[in-house]
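Encoded as structure tokens, the structure appears first; notes follow it.
Keep in mind that this is a model prediction, so the values were computed, not measured. First the proteins, then the strands, lettered A, B, ... as listed; each starts at 1. In what follows, every heavy atom counts, from backbone to side chain, and hydrogens, waters and symmetry copies are set aside.
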Protein chains: 2
Amino acid sequence: MRLSTKGQYAVRAMVVLAMHGGAGPVSLRFIAEREDISEQYLEQIFIGLKKAQLVTGVRGASGGYTLAKPAQLMTSGDIVRAVEGPIKIVDCEHNGTCERVQSCVTRELWERVSAGMSQVLDATTLADLVLRAREKIN
Amino acid sequence: MRLSTKGQYAVRAMVVLAMHGGAGPVSLRFIAEREDISEQYLEQIFIGLKKAQLVTGVRGASGGYTLAKPAQLMTSGDIVRAVEGPIKIVDCEHNGTCERVQSCVTRELWERVSAGMSQVLDATTLADLVLRAREKIN
DNA sequence: AAAAAACCCGAGAGAATCGCTCGGGTTTAA
DNA sequence: TTAAACCCGAGCGATTCTCTCGGGTTTTTT
């Protein structure tokens, strides 16, 4: 029951991206040094972010990544889902048709837990995180 | 971001235990067959449950396990914590003293997510689960 | 035109964790 | 006395995680 580093790195990287918002694309090298994350690992993470249309890549020298839409319109849930897939704490195949009654009861429990997680993640926009970060600095 | 089978099995096993509550101790073999879980794996899980004083073992022939207290006084959070440790989605060592501001901001996020999970888990007692299971049967 | 910066991408390697199994106990009811 | 059941540590195969390697291609800068 633990979020992999991929999800954690993704959110941290997106905060960096959002904080350097207006000033052109931000290179992975910059983020990698700033956050002490492997640059090549970041590349993999950004493939997911790009696929989910949260960032747009700018190729060539002095390129990098920019947000694909305003930080207000992007939640931490979007980011986590982009790199980790759907937010669910257990994966049950046979939907609603369990032969064991007990496991069906627990399945409902896990779904409520997953919903609780999603609720927090979807309620927090990237803009919120940036705001908190700026408050910390001052 | 996924609960291991240990936590899932633990809750399912406890539901079985609670449903056969009054009628003496329930053997692991019974639970194992009923829930299609390895008996020896269950043993390991019950070590945790016992350590957390959620069950009491009855040794010898026709022994087994019983709930250590009423199902109303036991939450799914207690059970999960007993076998999986504290409910937290990331583990950050340096508490409140991050050198990187961004990661501290995300740390707060993960804590809120973990709190969301705990809220659901601690609000659901074992008695609730049993009630839902009985409703399903009828 | 050339070089360098940066994204793009698949494959795989080392380590950790998961999900058990094995092989031994000890205790107690029948 | 036998068998059922709990008790317990060690370990093993498979999977997943976290990252590296080695190649590209694209575009800016010089």
Side-chain angles (χ1 to χ4, degrees), chain A residues 1-13 16-17 20 23-68 80 83-85 88-91, chain B residues 1-13 16-17 20 23-68 80 83-85 88-91:
Chain A
M1 187 193 23
R2 166 170 160 286
L3 190 68
S4 75
T5 60
K6 221 166 174 178
Q8 301 177 44
Y9 290 171
V11 176
R12 277 165 58 190
V16 173
L17 220 60
H20 289 250
V26 180
S27 71
L28 290 187
R29 174 158 300 165
F30 179 84
I31 300 173
E33 279 177 10
R34 173 75 139 241
E35 294 291 320
D36 195 28
I37 301 172
S38 148
E39 188 178 339
Q40 294 182 284
Y41 194 26
L42 269 180
E43 282 186 355
Q44 290 177 30
I45 291 168
F46 271 77
I47 287 171
L49 293 173
K50 202 185 164 203
K51 214 171 270 175
Q53 297 186 307
L54 299 180
V55 299
T56 53
V58 179
R59 302 186 72 158
S62 83
Y65 285 97
T66 55
L67 295 184
V80 170
V83 298
E84 303 238 352
K88 54 163 74 172
I89 212 168
V90 313
D91 20 65
Chain B
M1 188 191 24
R2 167 170 159 285
L3 190 67
S4 75
T5 58
K6 222 166 174 176
Q8 301 176 46
Y9 290 170
V11 176
R12 278 166 57 189
V16 173
L17 219 60
H20 290 248
V26 180
S27 71
L28 289 187
R29 174 158 300 166
F30 178 85
I31 301 173
E33 278 175 12
R34 173 75 140 241
E35 293 291 321
D36 196 28
I37 300 172
S38 150
E39 190 178 338
Q40 296 184 283
Y41 194 26
L42 270 181
E43 284 188 353
Q44 291 176 29
I45 291 167
F46 271 76
I47 288 172
L49 294 172
K50 204 187 162 201
K51 215 171 273 176
Q53 297 186 308
L54 299 180
V55 299
T56 53
V58 179
R59 303 186 74 161
S62 82
Y65 285 96
T66 55
L67 294 185
V80 171
V83 298
E84 303 238 353
K88 53 163 75 174
I89 212 168
V90 311
D91 20 64

Open item on the list: Using the side-chain contact (heavy atoms from CB on, under 4.5 Å) criterion, which residues pair with V58(B)? Sequence neighbours excluded.
Closed with: P25(B)

Open item on the list: Under the rule for side-chain contact (heavy atoms from CB on, under 4.5 Å), what residues qualify as partners of A61(A), not counting sequence neighbours?
Closed with: none

Open item on the list: Taking salt bridge (Lys or Arg N to Asp or Glu O under 4.0 Å) as the cut-off, I'd like each qualifying pair that reaches into residues 38-60 of chain B, sequence neighbours left out, listed once.
Closed with: R29(B)-E39(B)

Task: Opening and closing nucleotides of DNA chain C in contact with chain A, under 4.0 Å to non-hydrogen atoms - done: dA5(C) to dA11(C)

Task: Listed partners of R34(A) passing side-chain hydrogen bond (donor to acceptor under 3.5 Å, both in side chains), at least two apart - done: H20(A)

Open item on the list: Tell me every residue that passes side-chain hydrogen bond (donor to acceptor under 3.5 Å, both in side chains) with T56(A), counting only those two or more places apart in sequence or in another chain.
Closed with: T66(A)

Show every donor-acceptor pair shorter than 3.5 Å between a side-chain atom in residues 3-11 of chain B and any protein atom, with sequence neighbours excluded, or say none if there are none.
from, atom 1, to, atom 2, distance (Å)
S4(B), OG, K6(B), N, 3.4
S4(B), OG, E84(B), OE2, 2.5
T5(B), OG1, Y41(B), OH, 3.4
Q8(B), NE2, L3(B), O, 3.2

Open item on the list: Please list, in numerical order, the residues of residues 56-67 of chain A that have a heavy atom closer than 4.0 Å to any atom of DNA chain D.
Closed with: R59(A), G60(A), A61(A), S62(A)

Open item on the list: Is there a side-chain contact between R2(A) and the phosphate of dT16(D), meaning an N or O under 4.0 Å from OP1 or OP2?
Closed with: no

Task: Short side-chain N/O contact to dT18(D) OP1/OP2 from Y9(A), under 4.0 Å - done: no

Task: Nucleic acid contacts - residues 32-43 of chain B versus DNA chain C, non-hydrogen atoms under 4.0 Å - done: S38(B), Q40(B), Y41(B)

Open item on the list: Which residues in residues 45-54 of chain A have a heavy atom closer than 4.0 Å to any atom of DNA chain C?
Closed with: K50(A)

TODO: Please state how far atom CD in Q44(B) lies from atom C1' in dA10(D), giving the value in whole angstrom units.
DONE: 10 Å

TODO: Have a look at F30(B) and say if it touches a base, only the backbone sugar-phosphate, or nothing, with a 4.0 Å heavy-atom cut-off.
DONE: nothing

Open item on the list: Under 4.0 Å, counting only non-hydrogen atoms across every strand here, what does V26(B) touch: a base, just sugar-phosphate, or nothing?
Closed with: sugar-phosphate

